[in-house]
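Whatever order the structure lists ligands and atoms in, that order sets their numbers, starting from 1. Values reported hereafter were calculated over all heavy atoms of this structure, with side chains retained and with hydrogens, waters and symmetry mates removed.
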Amino acid sequence: MTTPRLTHRRGRLVAAVSGLAVTAVTVALALPAAAAGSTLQAAASESGRYFGTAIAASRLSDGTYSSIANREFNMITAENEMKMDATEPNQNQFSYGNGDRIVSWARSNGKQVRGHALAWHSQQPGWMQNMSGSSLRNAMLNHVTQVATHYKGQVYAWDVVNEAFADGSSGGRRDSNLQRTGNDWIEAAFRAARAADPGAKLCYNDYNTDNWSHAKTQGVYNMVRDFKARGVPIDCVGFQAHFNSGNPVPSNYDVTLRNFAALGVDVQITELDIEGSGSSQAQQYQGVVQACLSVSRCTGITVWGVRDSDSWRASGTPLLFDGSGNKKAAYTSVLNQLNAGGTTTPTSNPTSNPTSNPTPSPTTTTPPTSGGSCTATYSEGQKWNDRFNGTVTIRANTNISSWQSTVTVRSPQKIIATWNGSPTWDSSGNVMTMRPSGSGALSAGQTTSFGFTVQHGGNWTWPSLTCTAS
Ligand code: G2I
């Protein structure tokens, strides 16, 4: 019934070569399936994870910057453009220009978006800084509602509340004007965000929460445990992961991630950067990636900028590309670790896996087209408790010069990663149109494949497919 399933790696090789010429495909099929992910996003996708970066709208016109960002990353965070001061400069006057610019760049390049950040003690607009009491609480909730509504359906995960815990040994909340409106301000923000965009994952995001034995880590852990116990809508915890010599990657990082994940939330590395250089920096990066790959609910990693020169702490050269856009040793160690981790796949949670196979929706279609005909066939990939991988095999029924395939998922499903093709999305986010990365020429009987990860939200239904040839 189905065409023999290509592995992701072999599939990528075929697609990469099929763009060149039809005759080259035959040659490629004879090669061993050895190629590993050659970009961060491709390597992370092997295990159903994303690899992201923070983007500054003002740098998108820099060709080196945007081409590295487009090539390597598939999850985009606005570095400053969605913060409170940027989006509501005057009370009740919202300003989305730069945030929208980043979202549209991300989506037109087939990338997902992490929203950062709805409520924070820092980077508040001037009008908010001196507010207090119920007027501040209401202004904050209105902000959360308005901004989450504006970006509804376009954001994979929101940092709903950022950095609300105190540094040091107290393990308690940070003092701020928001905290002084009452201890329940965080859960109020989460409820408002859920009401505004029920499809977005809602995260609590903080720094210095990496070491399991630190009081701040424990404070956040206890809050998340309490939220889960009381049904406060929280889906994920973001670990900013800003490291330097005074604050190195802890050896118990995986323990921290695993313990949070065991509360029933996703964990994400959200703002990774590590000051330093050479092999010591590379090793620390590797340790962070290894820790994430060892936890099935660690769903992705975002670095806080593209080149060292783009960093908020550029003098510490904390990123994966140097100021000229060259790959650093840290880049190579991250890529290699992602590829290694792709073979030791994360453990799934059997209790949450489907007990029976989902009812397949039509898996193949062959609409007649003037330029030729193709068939798209779905095959299941790996499953996790919150997501699954799928592969679509495209078979040319006649000689074709190109193809495109739509993949429709059903709410609340979302496609969070893809490989082996160039995706675009419709405005609902449910319909992805995949086109070949190269020319897409296939002769009759030949196949190629692409893959994707679906965050299923409890709905295990297979996506429906179409294939159109030209
Ligand atoms: O501080 C590092 C990060 C810690 N976690 C939350 C993140 O949101 C935070 O990001 C940084 C940005 O990388 C900086 O770019 O947040 C800073 C502000 O808290 C950002 O700095 C601001 C400067 O304060 C502004 O003066 C400047 O206009 O960047 C702006 C744009 O370059």
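Applying the 4.0 Å criterion to heavy atoms of Trp120 picks out, from ligand 1, the atoms 6 (C), 8 (O), 19 (O). Atoms of ligand 1 lying under 4.0 Å from any heavy atom of Glu79, numbered from 1 in the order shown and given with element: 12 (C), 13 (O), 14 (C), 15 (O). Each of the following atoms of ligand 1 lies closer than 4.0 Å to a heavy atom of Asn162: 6 (C).
Note that atom 25 (C) of ligand 1 has no protein non-hydrogen atoms nearby, at separations under 4.0 angstrom. For atom 2 (C) of ligand 1, the protein comes within 4.0 Å by at least one heavy atom. Within a 4.0 Å radius of atom 8 (O) of ligand 1, the protein contributes at least one heavy atom.
Of the candidates Glu275, Gln286, Lys328, Gln281 forms a side-chain hydrogen bond (donor to acceptor under 3.5 Å, both in side chains) with just one, namely Lys328. The only member of Thr87, Asp197, Asp100 that meets side-chain hydrogen bond (donor to acceptor under 3.5 Å, both in side chains) when paired with His150 is Asp100.
Tyr207 carries Lys216 over the face of its six-membered ring, with the cationic atom under 6.0 Å from the centre and within 45° of the normal.
Contact annotation: for Trp304 versus ligand 1, heavy atoms closer than 4.0 Å belong to the side chain alone. Contacts of Asn205 with ligand 1, taken as heavy-atom pairs under 4.0 Å, are absent altogether.
If you check which protein heavy atom lies closest to atom 4 (C) of ligand 1, you get Glu271 OE1, 3.2 Å. At the top of the distance list for atom 19 (O) of ligand 1, counting protein heavy atoms only, stands Gln123 OE1, 3.0 Å.
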Worksheet item: For Asp62 and Arg307, what are the C-alpha separation, side-chain angles and deciding distance, and is it a salt bridge (charged side-chain N to carboxylate O under 4.0 Å, His left out)?
Response: CA-CA 12 Å; Asp62 173 337; Arg307 301 162 300 195; 2.9 Å; yes

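We find that Asp235 and Arg194 are joined by a salt bridge, their nearest charged nitrogen and carboxylate oxygen being less than 4.0 Å apart.
Side chains of Ser437 and Trp419 form no contact here, defined as non-hydrogen atoms less than 4.5 Å apart.
Aromatic ring pairs are classed by plane angle as parallel below 30°, tilted from 30° to 60° and perpendicular above 60°; the pair His116 and Trp120 is tilted.
For ligand 1, the polar-atom distance check against Asn80 finds a nitrogen or oxygen pair separated by under 3.5 Å.
Residue-environment remark: NZ (Lys228) exceeds the threshold of 12 foreign heavy atoms within 6.0 Å.
For atom 11 (C) of ligand 1, the choice among Lys83, Glu163, His116 with the nearest heavy atom turns out to be Lys83.
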